[in-house]
Amino acid sequence: MTGDGQDSRREGSPGTMIVIVGPSGAGKDTLMDYAAMQLSGRPGFHFTRRVITRSGDAGGENHDAVSMQEFNRLESEGAFAVSWQAHGLKYGIPAAVYRQLNAGDVVIANGSRSALPQFGIAFSRLKVVNIVARPEVLARRLEQRGRESRDDILRRLERSALCVDGNFDVITVDNSGAIEDAGRTMMELLEQSVRNRT
């Protein structure tokens with residue numbers, strides 16, 4: 001973490017970091033894209049791009065692709081507010097978000113439930129949006145991706161939990177139905193974050 005990040009955490013930034021988490025197939029990227037479209041042109045909202053050690057043409061979310069060597073160099077130089085490892089990849093939230101938070105803005109980031117303790121340390125005002133969906137919906141969406149067999153998907157879903165552990169300010173959004181339904185809930189949360197800014 002950079003020195004600026006440590007100061008932001010210690011003194012309390014007026015902005016709010018909203019981290020989106022949830023299991024594969026819940027529709028995190030889809031909901032974030034929906035919210036970004038609704039908020040296009042609105043000042044005070046920022047959707048940050050993650051830095052990931054994954055090819056830029058691998059599909060899925062828009063991200064900044066780097067090699068493992070480059071990621072490790074950036075991490076050692078304090079370029080990330082939060083970084084973590086999962087599924088053989090490394091992920092980072094750029095430390096540049098502190099400038100936006102210190103200006104009192106709202107920053108939205110795609111995160112991970114396993115990394116929430118790091119987010120809690122890094123950001124003084126943190127809200128967690130836990131995107132979930134019914135197991136049969138998750139199974140169908142994952143099957144449509146074609147990356148795993150149905151048996152593998154069902155085994156994975158049996159192992160996964162939909163709740164968030166820890167003392168966090170969490171709002172759970174069920175994205176089992178139409179994107180507009182979950183999108184309205186997401187937008188209400190984002191608008192409330194702006195109204196609550198001090």
Side-chain angles (χ1 to χ4, degrees), residues 1-2 5 9 16-36 46-56 58-68 70-72 74-75 78-98 100-101 106-133 135 137-139 141-142 145 147-148 152-153 155-175 182 186 189-190 193:
M1 187 186 299
T2 66
R9 171 62 181 169
T16 301
M17 167 60 75
I18 296 180
V19 58
I20 312 298
V21 300
S24 294
K28 298 183 297 291
D29 294 331
T30 303
L31 266 180
M32 289 181 70
D33 289 344
Y34 176 91
H46 307 276
F47 290 80
T48 190
R49 285 163 62 101
R50 297 195 293 186
V51 178
I52 308 177
T53 57
R54 178 172 62 198
S55 170
E61 71 180 279
N62 263 335
H63 66 280
D64 294 329
V66 298
S67 67
M68 187 68 75
E70 176 69 1
F71 189 101
N72 291 338
L74 291 169
E75 191 173 37
F80 302 126
V82 177
S83 59
W84 69 96
Q85 187 164 350
H87 312 299
L89 300 172
K90 284 192 170 183
Y91 301 79
I93 302 297
V97 298
Y98 286 119
Q100 297 157 344
L101 293 169
V106 175
V107 176
I108 302 99
N110 191 341
S112 168
R113 286 173 294 181
S114 65
L116 285 178
Q118 292 97 299
F119 276 87
I121 293 168
F123 303 109
S124 56
R125 292 170 62 100
L126 176 69
K127 290 185 180 293
V128 179
V129 180
N130 183 32
I131 308 299
V132 300
V137 174
L138 292 175
R141 290 174 180 168
L142 291 171
R145 293 181 181 179
R147 300 174 189 168
E148 301 171 278
D152 288 340
I153 289 168
R155 279 195 293 270
R156 190 215 292 210
L157 292 177
E158 284 176 3
R159 294 193 304 268
S160 65
L162 298 181
C163 60
V164 171
D165 293 327
N167 186 26
F168 300 102
D169 181 0
V170 181
I171 292 180
T172 297
V173 177
D174 189 333
N175 191 29
M186 179 92 155
L189 168 65
L190 296 178
S193 297

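Reckoned from all heavy atoms, side chains included, excluding hydrogens, waters and symmetry mates.
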Fill in: Test of ring centre spacing under 6.0 Å for Tyr91 and Phe71
no

Which heavy atom of [X] sits nearest to which heavy atom of [Y], and what is that distance?
| X | Y | result |
| --- | --- | --- |
| Asp174 | Ala133 | OD1-CA, 4.0 Å |
| Gly111 | Val19 | CA-CG2, 3.5 Å |
| Ser114 | Ser112 | OG-OG, 2.9 Å |
| Phe168 | Leu126 | CD2-CD2, 4.2 Å |
| Ala81 | Ala122 | O-CB, 3.7 Å |
| His63 | Arg49 | O-NH2, 3.0 Å |

For the atom pair [atom1] ([X]) and [atom2] ([Y]), what is the distance rounded to the nearest 0.5 Å?
| X | Y | atom1 | atom2 | value |
| --- | --- | --- | --- | --- |
| Asn72 | Lys90 | CG | NZ | 4.0 Å |
| Lys28 | Asn110 | NZ | CG | 6.0 Å |
| Ile20 | Leu31 | CD1 | CG | 8.0 Å |
| Leu190 | Ile18 | CG | CD1 | 4.5 Å |
| Phe123 | Ile93 | CZ | CD1 | 7.0 Å |
| Ile171 | Ile131 | CD1 | CD1 | 10.0 Å |

[Y] side chain reached by [X] side chain, heavy atoms, under 4.5 Å:
| X | Y | result |
| --- | --- | --- |
| Met32 | Ile108 | yes |
| Gln118 | Trp84 | yes |
| Thr53 | Val66 | yes |
| Met186 | Val173 | no |

Item to complete: Applying side-chain hydrogen bond (donor to acceptor under 3.5 Å, both in side chains), name anything that partners Thr30, two or more places apart in sequence or on another chain.
Response: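 Result, side-chain hydrogen bond (donor to acceptor under 3.5 Å, both in side chains) vs Thr30: none returned.
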
Item to complete: List in chain and number order the residues that pass side-chain hydrogen bond (donor to acceptor under 3.5 Å, both in side chains) with Asp165, two or more places apart in sequence or in another chain; answer none if no residue qualifies.
Response: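 Expected list: none.
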
Worksheet item: Do the side chain of Asp169 and the main chain of Lys127 share a donor and acceptor less than 3.5 angstrom apart?
Response: no

